[in-house]
Amino acid sequence: MPRDVLLLEEFYDRKTEEVAVDLLGKIFVRRVDGRKLLGRIVEVEAYLWEHDEAAHAVAGKTNRTQILYGPSGHAYIFRLRAHHCLNVVAEPENSPGCVLIRALEPLNYHDYLKENRRKRPHFRIEDLCNGPGKLCQSFKINLDQYGIDLKSLESEMYIIEPYDKIDFDVLITKRIGITKHADWEQRYIIAENSYVSGNKRTNVGQILKRS
DNA sequence: CTTACGATTCCC
DNA sequence: GGAATCGTAAGG
């Protein structure tokens with residue numbers, strides 16, 4: 001197994017939109033139950049700190065949002081109805097931008113991930129982590145992981161460069177499931193990837209050519 | 001304390 | 001299309 005190359009402060013200390021796009025293709029690592037779960041980041045959304053009414057940061061510094069105001073590269077996790085959502089804090093201190101991780105392509109331990117899903121058995125691997133609540137379920141992420149530093153190999157979660165680089169284009173679309181600033185194109189997905197959420201209606205937008 | 005409200009998911 | 005579900009934050 002190749003060694004893990006962490007994403008560090010200089011990666012996260014940039015504009016939220018840039019961090020969001022560049023997180024695509026990176027590998028999310030989760031150490032739990034003696035396993036090292038790997039998931040390729042295939043879908044994200046940017047929540048800005050300036051003029052973004054949809055961002056939780058508009059509430060200011062509260063108990064829930066305080067981690068957004070600290071250093072970048074930490075996990076901002078919140079509860080939504082019966083589910084959890086995982087975000088990565090971007091931008092320098094006191095700039096509360098963050099990136100919502102909306103979908104992962106699960107790379108190993110597929111049976112373990114399936115067992116972590118509550119409802120009936122899911123046989124399609126594509127449906128294991130194609131949504132912010134789903135990936136937290138299958139990767140066993142909840143409020144206990146709030147604030148974890150994703151820039152340390154000692155953490156139970158961190159983000160690294162992919163072991164094998166892959167080329168892909170990026171599709172830019174409107175964000176999903178919000179009412180405020182619903183027209184902002186701040187959702188980024190790996191084009192042609194079958195592990196993303198959404199549907200034919202939602203997954204339309206501009207193609208950003210890479211490579 | 002009470003109430004309104006979701007960055008969701010699953011079922012019909 | 002609609003229900004389930006519960007912590008958060010604001011207001012009395």
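This structure is a prediction, so every number in the text was calculated from the model and none was measured. Quick note on labels: first sequence line is chain A, next is B, and so on, each numbered from 1. Heavy-atom basis, side chains included; hydrogens, waters and symmetry copies ignored.
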*Asks:* Atom NE2 of A:H83 and atom C1' of B:dA7: how far apart are they, to the nearest Å?
*Replies:*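 In whole Å, B:dA7 C1' lies 13 Å from A:H83 NE2.
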*Asks:* With rounding to the nearest 0.5 angstrom, report the CG to CD1 distance, A:N193 to A:I166.
*Replies:*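 Here the interatomic distance stands at 7.5 Å.
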*Asks:* Measure the shortest side-chain to side-chain distance between A:E105 and A:E126 over non-hydrogen atoms and say whether it is less than 4.5 angstrom.
*Replies:*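 The answer is no, as the side chains (C-beta and beyond) never meet within the 4.5 Å cut-off.
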*Asks:* Nearest whole angstrom, please: distance from the P of C:dA4 to the CG of A:L80.
*Replies:*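 Result: 17 Å.
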*Asks:* Under the side chain to side chain donor-acceptor pair (under 3.5 Å) rule, what do A:E156 and A:Q145 come out as? Steps first, then yes or no, please.
*Replies:* CA-CA 8 Å; A:E156 56 187 277; A:Q145 281 72 47; 3.0 Å; yes
*Asks:* May I ask you to say whether A:D169 pairs ionically with A:K209, meaning some side-chain N is under 4.0 Å from a carboxylate O?
*Replies:*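 So A:D169 pairs with A:K209 through a salt bridge.
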*Asks:* Check A:E45 with A:R102, please: is the shortest side-chain N to carboxylate O separation under 4.0 Å?
*Replies:*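 Yes, this pair counts.
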*Asks:* Rounded off to whole Å, could you give me the CZ-to-C1' distance for the A:R117 and B:dC10 pair?
*Replies:*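 The distance from CZ of A:R117 to C1' of B:dC10 comes to 10 Å, rounded to the nearest Å.
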*Asks:* NE2/A:H74 to OH/A:Y146 distance, rounded to the nearest 0.5 angstrom?
*Replies:*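 If we round to the nearest 0.5 Å, A:H74:NE2 and A:Y146:OH are 11.0 Å apart.
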*Asks:* Starting at atom NE2 of A:H84, determine the distance to atom C1' of B:dA7, rounded to an integer number of angstrom.
*Replies:*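 In whole Å, B:dA7 C1' lies 14 Å from A:H84 NE2.
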*Asks:* For DNA chain C, what is the dot-bracket line, given that a base pair needs Watson-Crick (N1 to N3, plus N6-O4 or O6-N4) or G-U wobble (N1-O2 and O6-N3) geometry with both distances under 3.5 Å, and | means paired with another strand?
*Replies:* ||||.||||||.
*Asks:* Can you find a pair of side-chain heavy atoms, one from A:I159 and one from A:V88, that are under 4.5 Å apart?
*Replies:*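 Counting from C-beta outward, A:I159 and A:V88 do come under 4.5 Å.
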*Asks:* Atom CG of A:N87 and atom C1' of B:dT8: how far apart are they, to the nearest Å?
*Replies:*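 Distance check: A:N87 CG to B:dT8 C1' gives 14 Å.
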*Asks:* State whether the aromatic ring of A:Y47 stacks on the base of B:dA7, taking stacking to mean ring centres under 5.5 Å apart and ring planes under 30° to each other.
*Replies:*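 A stacking contact exists, since A:Y47 sits close and nearly parallel to the base ring of B:dA7.
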*Asks:* Take the protein atom CZ of A:F78 and the nucleotide atom C1' of B:dT8, then report the distance between them rounded to whole Å.
*Replies:*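 About 10 Å, once rounded to whole Å.
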*Asks:* What residues from residues 185-207 of chain A pass a heavy-atom cutoff of under 4.0 Å to DNA chain C?
*Replies:*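 None - not one residue of the stretch has a heavy atom sitting under 4.0 Å from the strand.
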*Asks:* Between P on B:dT8 and NE2 on A:H56, what's the gap in Å once rounded to a whole number?
*Replies:*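 So the two atoms are 9 Å apart, to the nearest Å.
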*Asks:* Would you say A:R81 reaches C:dA3's phosphate, i.e. side-chain N/O to OP1/OP2 under 4.0 Å?
*Replies:*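 Checking C:dA3 against A:R81, no side-chain N or O comes under 4.0 Å of OP1 or OP2.
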*Asks:* Would you call A:D22 and A:R210 a salt bridge, taking side-chain N to carboxylate O under 4.0 Å as the test?
*Replies:*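 Looking at A:R210 together with A:D22, the answer is yes, because their closest N to O distance falls below 4.0 Å.
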*Asks:* Is any side-chain N of the basic residue among A:K151 and A:E9 closer than 4.0 Å to the acidic one's carboxylate O?
*Replies:*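 Here A:K151 does not pair with A:E9 in a salt bridge, since their nearest N and O are not under 4.0 Å apart.
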*Asks:* Between A:N142 (CG) and C:dC6 (C1'), how many Å, whole number?
*Replies:*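 Checked: the CG to C1' distance equals 14 Å.
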*Asks:* Going by an N to O cut-off under 4.0 Å, is there a salt bridge joining A:R117 and A:D127?
*Replies:*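 Answer for the salt bridge query: no.
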*Asks:* Between the protein and nucleotides 9-12 of chain C, are there any N/O to N/O pairs under 3.5 Å, and if so, what are the atom names and distances?
*Replies:*
from: C:dA9; atom 1: OP1; to: A:T62; atom 2: OG1; distance (Å): 2.5

*Asks:* Is any side-chain N of the basic residue among A:E91 and A:R14 closer than 4.0 Å to the acidic one's carboxylate O?
*Replies:*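 Salt bridge between A:E91 and A:R14, a charged N being under 4.0 Å from a carboxylate O: no.
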